[in-house]
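These notes concern the structure reproduced below.
Counting starts at 1 for both ligands and their atoms, following the listed order. Sequential numbering from 1 along the given sequence is applied to the chain's residues.
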Amino acid sequence: MRVHNFGAGPCALPTEVLEEVRDELLDFAGTGMSVVELSHRSPHYEQVHRQALELARTVSAAPEDVDILFIQGGASLQFGMIPLNLLGPGERAGFVVTGSWAKAAYSDARRVGDAYAGWDGSEEGYRRMPTAGEMRVEPGTRYVHVTTNETINGTRMTQLPATTVPLVADMSSEFLARPIDWPRYDLVYGGVQKNLAPAGMALVFVRHAVVEAAAGRPLPNYLRYDWHAAADSLANTPPMFSIAVMAKMLARMAARGGIEALERESAAKAARVYDEIDISDGFYRSPVAIGSRSHMNVVFRLPDEALESTFVEEAERRALVGLKGHRSVGGIRASLYAGVSAESVDALVAFMSDFRRSH
Ligand SMILES: *Cc1c(COP(=O)(O)O)cnc(C)c1O
């Protein structure tokens, strides 16, 4: 039996996508082997690879001067790779520290270059995203890094910093679930395992001019964007399974109407859960400021921790899993990524309503 999976990552994948993967696992396109056993230099794999690249461009609407890269190491490797490639002598990176993930990106940037926090929400408990004017940009700033959706804290950025300095965004937990304002960005990245594919890589969109400008850096090959870009992410063995499944997810996203439709879909799914919270007379409480509520990670509390444990246990008995909040913040978190169906959301809301009445 398939459960309703609200895990924060790796994500639930749609049953139809998994069924296709299963059917192809012993014999991919008449090759007599699975896609993960093919040579990554074979025409069959190359076709999958090209298709994934093209679909990533179509769904994201990335302009032609943006290179699309598949890089192992997840979003976490990008925390270091971005400053290594982008920061030149005397240049600094500004960080909008909106939660646990932004803090991790900031901390890694400081290990390899000069970085400062232009806004820090830690004293407010990361309960909201800043307004455009609150994000300070200092002279000599090469880029400003934002985390558009904070997975652990359940917040969603609605305003970008008021600056002409290029932005870099970690969009891991809402990747391709909202339109991207391309002219503002030099680089957009995310681990694929939240909204797009099985774990195994980051999907990186980076301006070609930025890749070129970094080409002379004395970095090991794997850490150089130009090394990946020159070979269309086939410089070494790519994470073929992640890429093949991502291509299926992207094709499904394109068929559902593209990124605007996906944003509407996730807003509607989240609204069902927030509505249940808001009509509960304080039984369920969202710690997040109303204007900063995430569409992807709905975080909420119950009257006490004992009841939160009971909630998680009873939910599991109804096949609703992955609802325990992150260990650093506690509470409940329902992640509503692209692979989570409207039926799963209905099941969660029905359970929340029953639970409130019986407790
Ligand atoms: C999960 C997550 C990460 C870390 O991703 P990995 O691919 O596991 O390194 C980084 N940023 C955000 C916003 C995330 O949700």
Legend entry - Distance from atom 2 (C) of ligand 1 to nearest protein heavy atom, with residue and atom: Lys194 NZ, 2.5 Å
Inset, instruction - For Asn149 and ligand 1, answer yes if some heavy atom of the residue is under 4.0 Å from a ligand atom, otherwise no. - result: yes
Inset, instruction - Report yes if some heavy atom in the side chain of Ser233 is under 4.5 Å from a heavy atom in the side chain of His49; otherwise report no. - result: yes
Legend entry - Structural part of Gln193 in contact with ligand 1, heavy atom criterion under 4.0 angstrom: side chain
Inset, instruction - Report the relative orientation of the aromatic rings in Trp182 and Tyr185; use parallel for angles under 30°, tilted for 30 to 60°, perpendicular for over 60°. - result: perpendicular
Legend entry - Shortest protein heavy-atom distance from atom 11 (N) of ligand 1, along with the residue and atom involved: Asp170 OD2, 2.6 Å
Inset, instruction - Using a strict cut-off of 4.0 Å, indicate which atoms of ligand 1 neighbour a heavy atom of Phe79. - result: 10 (C)
Inset, instruction - Counting heavy atoms only, name the option from Ser76, Gly200, Gly9 that's nearest to atom 9 (O) of ligand 1. - result: Ser76
Inset, instruction - Identify the two heavy atoms, one from Pro238 and one from Gln72, that lie closest to each other, and give their separation to 0.1 Å. - result: C-NE2, 4.0 Å
Legend entry - Face-on cation placement of Lys103 at Trp119 ring, 6.0 Å and 45° thresholds: no
Legend entry - atom 15 (O) of ligand 1: nearest protein contact (heavy atom, Å): Thr151 OG1, 2.4 Å
Inset, instruction - Measure the shortest side-chain to side-chain distance between Ile68 and Val204 over non-hydrogen atoms and say whether it is less than 4.5 angstrom. - result: no
Legend entry - Glu276 versus Ser353, side-chain donor and acceptor atoms under 3.5 Å: no
Inset, instruction - Return yes or no for this condition: an N or O of Ala75 is under 3.5 Å from an N or O of ligand 1. - result: yes
